[in-house]
Structure formats: C-alpha cells, structure tokens
Amino acid sequence: MTDRAKVLGTLETLAIGAAGGLLFLWLNLPGGLISGAMAAVGIAALAGRPVAMPAILTQSVLVLLGITLGSLVSRQLIQHMSAYPLTIGLLALATFCSTFGSSFYLQRVHGWDQTSALLAGSPGALSQITMLAAEKGADVAAIAVVQTMRVIILTAALPLLLALTGIAPTAPAEIASSVASPLELTVLAAAAVAVALLLRLANFPASWMFGAMIASAVLHGTGLIEGGLPPWMRGVALVGIGAVIGTRFARIKKSTLLSHINAGLGSFAVAILISGIFVTVIVLATPVRFADVVVAFAPGAMDAMLALALTLHIDPIFVGAHHLSRFVFVSITTPGIVHLFGRPQEDVDD
C-alpha cells in the first residue's frame with residue numbers, strides 16, 4: 001500500500017470504529033464503545049475495506065488506556081490482594097486444562113493435527129503463538145481464526161452477559177470525579193511513555209499499556225496527581241481498542257474464516273466451560289467479586305479484557321495481574337507443551 005492509501009485506510013478505520021461505537025453507546029449496550037467499534041471495523045474488514053491501525057496509533061491508544069486504568073488505583077482496589085496467589089495459581093491450572101481440552105476437541109471432532117490444535121487451544125499471547133506455529137509448521141491460518149474468534153466473541157458477548165445477569169452495570173460508570181489539569185496531564189503522559197519505554201526495553205509483555213498503567217497508578221496512588229483523562233480521551237481509547245481488535249479480520253481471508261468457523265466456535269465453548277468451572281470454585285472459596293473473576297479468567301486478549309474492566313467498573317488491578325500472569329504462563333509453557341505433546345518432527349527447520 002502507498003503512504004496515501006495507508007492514511008486513507010486509517011482514517012476510514014477510525015471513522016467506521018467511531019460510528020459503530022457511538023451507535024452501540026446510543027443503544028445503551030454495555031461496553032458499547034469497544035464492542036461497537038470492533039463490530040463495525042470487523043464487518044468492514046470482511047467486506048473487503050482496507051481497514052488498518054498503524055503501530056504508532058495503536059501504541060497511543062494503549063498508553064491512554066493504561067493511564068485511565070492507573071487512575072482507578074485506590075486502597076480499596078487492593079483489599080483482595082491476599083487472594084491473588086490462590087486465584088493466580090488456579091488461573092494457571094485453568095489455562096493448562098483449557099489448552100488441552102480445546103486441543104482434544106479440535107483433534108477428535110475436526111481432525112486437526114496435535115501441534116495446530118495445541119497452539120489454537122492456548123489462550124492469549126497470540127503473537128508468540130503465531131511465531132511458534134510458523135516455526136513448527138502448524139496451520140497458521142486456522143490457528144489465527146480460532147484465536148481471533150475467541151477474542152471477538154468475548155469482547156462482544158461478555159459485557160452484554162454481565163449486564164443482562166445484573167452482575168455489572170449496563171451504563172459506563174464514572175471513572176474519575178475530576179479531570180486533571182493541563183500540567184498534570186502533561187506529567188501523566190511523560191511518565192507513562194517513559195515507563196512504557198523502559199518496560200519495552202526489558203521485553204515486558206504489553207509494555208505500552210502496563211507501563212502507562214504503572215506510571216499513572218503511582219502518581220495517583222501517592223496523591224501527586226488527582227483527576228484523570230477528559231471523558232473524550234477515554235472514549236478515543238476505547239474506540240481505538242475496539243478498532244484494533246476489528247482489524248484482525250483484515251488479515252484473514254473469508255474462505256479461511258468460513259472453513260474454520262465451526263472449529264472456532266466449538267473450541268471456544270470448551271474453553272469457556274472449563275474456565276467457568278474454575279470461576280465457580282473461586283467465587284465459592286474467596287471473597288473476590290464474581291464479575292472481577294469472570295473478566296480475569298476470560299480467555300481473551302489482555303488489552304481487550306482490561307478495556308472491558310474499565311467500561312464495566314471492574315477491578316483493573318485484579319484483572320491486569322491475572323491476564324499478565326496468564327500471558328507469562330502461556331509464553332513460557334507453550335513451547336514445552338508443543339515439544340512434548342505436539343509433533344516436533346515437523347519443524348520447518350528440520
């Protein structure tokens with residue numbers, strides 16, 4: 001694509017995402033800005049439109065999201081930290097069981113090979129999974145469909161489910177009672193970018209979002225800054241995240257999507273069933289709120305789930321700690337799992 005085409009594609013993506021987000025917001029749908037933008041951009045991608053979100057724009061959106069999440073930090077939000085070791089341990093076990101459960105389903109019902117099934121069943125860390133799939137000679141396109149469908153379904157359905165069951169509010173909650181001053185916003189932005197760059201140098205996962213979140217949390221938690229981003233900036237971040245998720249469909253051919261849609265839906269159902277069992281155990285055994293556990297254990301993309309935590313007034317520290325833990329667990333264990341239970345003799349390099 002030429003530079004002009006890229007710019008026009010980006011502007012079209014933002015316009016479509018904003019229109020979809022505003023429509024869902026007008027319909028008073030929970031998580032409307034994210035799910036509306038995601039749905040609109042996803043439909044446009046499947047219709048053949050050149051939707052795209054350049055890296056610099058995606059990073060800016062993640063920084064805005066991180067700053068907003070960090071501004072929610074308070075002493076009340078860390079009251080349940082004593083339960084973290086137990087719930088994170090159960091999350092690791094749930095991830096392990098979900099991976100093997102989804103893999104078993106894909107192999108027995110759809111005839112997938114072991115390596116592709118294991119990689120498709122692994123929740124999260126899509127970039128690492130894709131690289132490993134290419135290295136092992138697995139079906140990268142099929143894996144991408146299954147992984148993308150899981151993120152899309154969760155982002156669209158989870159807020160609606162929580163709202164319909166009365167577990168989470170249908171309307172977005174107020175994030176901050178005041179807006180930070182221009183000087184405070186400048187300090188917030190500078191600190192967020194600085195910490196994000198440090199984490200990026202250290203190869204920390206989701207460095208842009210978590211770096212901004214850490215910087216904002218420290219500044220707000222210590223009382224150095226009061227107030228958060230203006231509402232319109234938060235809206236831009238949420239629409240941006242939805243658009244980023246929607247553009248994933250642009251990388252998948254419609255024929256590929258249709259040929260693997262049943263596998264994606266089936267493996268998603270298996271993963272949700274297994275995760276639901278662990279969520280039930282945690283709710284019965286700990287004082288953590290049900291909505292917090294649901295979003296923390298949802299096998300979706302880390303940025304999408306944290307954005308949903310923001311819109312649904314769910315504890316972002318609890319959700320962030322668990323999704324980060326799962327990302328690390330998947331990144332560390334998946335290569336070993338594939339080597340032991342997959343078919344390493346088919347490595348591309350062999």
Side-chain angles (χ1 to χ4, degrees), residues 65-66 69-102 121-126 128-129 150 154 158 162 167-168 195-196 198-199 202-207 209-218 220-222 271-310 312-337 340:
L65 177 61
L69 289 166
S71 68
L72 296 175
V73 171
S74 66
R75 290 183 183 139
Q76 289 76 23
L77 284 182
I78 56 179
Q79 286 177 347
H80 295 137
M81 269 191 162
S82 60
Y84 283 19
L86 171 63
T87 53
I88 288 177
L90 288 173
L91 175 64
L93 182 58
T95 301
F96 183 83
C97 294
S98 177
T99 298
F100 277 92
S102 297
S122 181
L126 181 57
Q128 285 85 341
I129 295 298
R150 180 165 57 228
L154 279 172
L158 193 58
L162 291 176
I167 298 171
V195 176
L198 287 175
L199 293 185
N203 293 321
F204 192 87
S207 56
M209 181 177 63
F210 274 103
M213 182 176 173
I214 291 171
S216 178
V218 170
H220 283 93
T222 56
I272 289 299
L273 177 62
I274 294 173
S275 297
I277 294 172
F278 282 88
V279 167
T280 302
V281 171
I282 290 174
V283 169
L284 295 176
T286 71
V288 183
R289 290 194 311 169
F290 181 70
D292 294 348
V293 180
V294 168
V295 179
F297 273 63
M302 187 158 43
D303 51 2
M305 293 303 101
L306 276 168
L308 285 182
L310 174 63
L312 298 175
H313 205 233
I314 290 171
D315 183 348
I317 299 177
F318 184 84
V319 173
H322 285 72
H323 278 279
L324 178 60
S325 298
R326 189 180 64 193
F327 182 98
V328 173
F329 178 78
V330 168
S331 299
I332 292 174
T333 61
T334 300
I337 290 174
L340 290 174

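As the structure is a computational prediction, the values presented were derived from the model and not from experiment.
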Heavy-atom pair of closest approach, residues Phe318 and Val288: CZ-CG1, 3.7 Å
All side-chain contact (heavy atoms from CB on, under 4.5 Å) counterparts of Ala196, not counting sequence neighbours: Trp208
Show the numbers, then the answer: is there a side chain to side chain contact (heavy atoms under 4.5 Å, CB included) between Val279 and Phe290? CA-CA 8 Å; Val279 167; Phe290 181 70; 3.6 Å; yes
Does His323 reach the main-chain N or O of Val319 with its side chain, forming a donor-acceptor pair under 3.5 Å? no
Scanning both residues in full, the closest heavy-atom pair of Val195 with Ala215 reads CG2-CB, 3.8 Å
Mind checking the CG-NE2 spacing from Asp292 to His322? Nearest 0.5 Å is all I need. 9.5 Å
Please list, chain by chain and in numerical order, all residues satisfying side-chain contact (heavy atoms from CB on, under 4.5 Å) with Leu93, sequence neighbours excluded. Cys97, Phe278
Smallest separation among heavy atoms of Met305 and Ala298, with atom names: SD-CB, 3.7 Å
Rounded to the nearest 0.5 Å, how far apart are OG of Ser98 and CZ of Arg150? 6.5 Å
Side-chain touch Val330/Thr99, heavy atoms, less than 4.5 angstrom: no
Within this structure, what is the OG-CZ distance for the pair Ser122 and Phe100, rounded to the nearest 0.5 Å? 10.0 Å
Quick one: does Phe329's side chain get under 4.5 Å of Leu91's, heavy atoms only? no
So do Val294 and Ser275 actually touch side chain to side chain, heavy atoms under 4.5 Å? no
Does the side chain of Phe297 reach to within under 4.5 Å of the side chain of Ile282, using non-hydrogen atoms? yes
Side chains of Leu306 and Phe210, heavy atoms from C-beta outward: is any pair under 4.5 Å? yes
Pair Thr333, Thr95 - check side chain to side chain contact (heavy atoms under 4.5 Å, CB included), show working. CA-CA 10 Å; Thr333 61; Thr95 301; over 6 Å; no
Pick from Ile88, Thr87, Leu86: which one makes a side chain to side chain contact (heavy atoms under 4.5 Å, CB included) with Leu90? Leu86
